[in-house]
Amino acid sequence: MGSEGSTLLEPLWQGLAAIDPAVVSGSVSCALPARYEAVKGARQFTGSTLRQWNIPELLDEVALVVSELVTNALRHALSGTVGAGEPERPVRLHLMRGPSRLVCAVRDPSEVGPVAGEAGCGEESGRGLHLVESFTDGWGWQPLAGSPRGKIVWAVFRLPGV
């Protein structure tokens with residue numbers, strides 16, 4: 001992710017307890033195509049990363065949240081373009097590990113913030129952000145300034161044993 005990632009996610013850290021970017025022990029990202037199949041790829045990328053970082057006990061919760069955030073980005077931020085065969089990869093998944101927490105963030109080109117839906121009993125749609133809130137230690141979003149335009153939606157997990 002390099003220095004672009006640190007700058008890009010700087011607003012993210014403002015909503016959390018102070019953390020020195022120099023102590024971030026792991027930082028990876030991947031670009032995702034504008035296709036719903038990208039959700040599976042995002043989960044696989046997340047699983048591989050968490051195993052590499054030796055925190056597989058977070059895998060189920062983090063994979064669920066990543067699935068929801070990526071699905072929301074594809075469904076709402078890219079409406080009308082998903083599956084259209086665009087070669088561009090406008091959605092990006094970021095994973096960052098600090099000394100006491102893991103942050104997953106999804107960047108997309110929309111400047112419209114996420115809104116929790118009102119799913120009725122038995123409905124599939126509208127529950128995603130409620131699930132994100134239930135399985136994380138916090139989540140939020142931040143519009144991106146400058147280029148690229150859009151927003152980043154993030155979720156935080158406490159590392160086990162911390």
Side-chain angles (χ1 to χ4, degrees), residues 1-16 19 21 24 26-53 58-98 101-119 123-133 135-136 138-157:
M1 192 158 71
S3 62
E4 175 201 356
S6 299
T7 304
L8 180 66
L9 295 178
E10 189 65 34
L12 164 64
W13 297 115
Q14 293 172 9
L16 304 172
I19 186 171
V24 170
S27 177
V28 296
S29 72
C30 70
L32 301 169
R35 295 190 310 269
Y36 288 120
E37 295 82 22
V39 176
K40 179 180 179 183
R43 281 193 312 266
Q44 291 171 337
F45 177 79
T46 299
S48 173
T49 300
L50 295 185
R51 284 187 290 278
Q52 185 177 25
W53 288 347
L58 287 180
L59 182 56
D60 291 339
E61 292 86 358
V62 177
L64 172 70
V65 168
V66 163
S67 294
E68 293 298 336
L69 296 181
V70 170
T71 298
N72 283 350
L74 294 170
R75 181 174 291 149
H76 302 292
L78 301 178
S79 60
T81 63
V82 174
E86 277 190 19
E88 187 178 346
R89 294 178 175 236
V91 174
R92 189 160 197 90
L93 169 63
H94 303 271
L95 299 171
M96 294 175 54
R97 180 181 179 174
R101 63 185 159 247
L102 171 74
V103 177
C104 65
V106 176
R107 183 179 78 193
D108 69 56
S110 172
E111 296 177 20
V112 178
V115 178
E118 300 256 344
E123 290 182 34
E124 289 293 321
S125 184
R127 298 185 311 193
L129 291 176
H130 295 294
L131 289 171
V132 170
E133 187 166 337
F135 284 94
T136 65
W139 73 276
W141 72 281
Q142 181 76 34
L144 297 175
S147 182
R149 307 280 306 170
K151 70 177 173 298
I152 192 156
V153 182
W154 52 267
V156 181
F157 299 84

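Note that the coordinates shown come from a computational prediction; the quantities given were computed from them, not determined experimentally.
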Query raised in the report: Taking all atoms of both residues into account, what is the closest heavy-atom pair of G47 and L59, and its distance?
Result: CA-CD1, 3.2 Å

Query raised in the report: Just wondering, do Q52 and V28 contact through their side chains at under 4.5 Å, heavy atoms?
Result: no

Report task. Enter the distance from R107:CZ to L32:CG here, rounded to the nearest 0.5 Å. Result -> 10.5 Å

Query raised in the report: Once you round to the nearest 0.5 Å, how far does CZ of R35 lie from NZ of K40?
Result: 12.5 Å

Requested in this report: Please name the pair of heavy atoms, one in S27 and one in M96, separated by the smallest distance, quoted to 0.1 Å.
Outcome: OG-CG, 3.8 Å

Requested in this report: Provide the closest heavy-atom pair for I152 versus H94 in the form atom of the first, atom of the second, distance.
Outcome: CD1-CD2, 4.0 Å

Requested in this report: Go through the steps to decide whether V153 and N72 satisfy the test side-chain contact (heavy atoms from CB on, under 4.5 Å), and finish with yes or no.
Outcome: CA-CA 10 Å; V153 182; N72 283 350; over 6 Å; no

Report task. Taking the side chain as every heavy atom from C-beta outward, state whether L69 and W139 have any atom pair closer than 4.5 Å. Result -> no

Report summary line: Minimal heavy-atom distance between P90 and P109, with the atoms involved, is O-CD, 3.6 Å

Query - Heavy-atom pair of closest approach, residues V91 and L74 - result: CG2-CD2, 4.3 Å

Requested in this report: Compare every heavy atom of F157 with every heavy atom of F135, then report the nearest pair and how far apart it is.
Outcome: O-CE2, 3.3 Å

Query raised in the report: With no hydrogens and no angle check, is any side-chain donor or acceptor of T49 less than 3.5 Å from a backbone partner on F45?
Result: yes

Query raised in the report: Quick one: are L50 and L102 in side-chain contact, heavy atoms under 4.5 Å?
Result: yes

Query - Non-neighbouring partners of R149 that pass salt bridge (Lys or Arg N to Asp or Glu O under 4.0 Å), sequence neighbours left out - result: E111

Report task. Decide yes or no for V65 and C104: does some side-chain heavy atom of the first lie under 4.5 Å from some side-chain heavy atom of the second? Result -> yes

Query raised in the report: Is any side-chain heavy atom of E133 less than 4.5 Å from a side-chain heavy atom of L129?
Result: no

Report task. Answer yes or no: is there a side-chain heavy-atom contact under 4.5 Å between T136 and V156? Result -> no

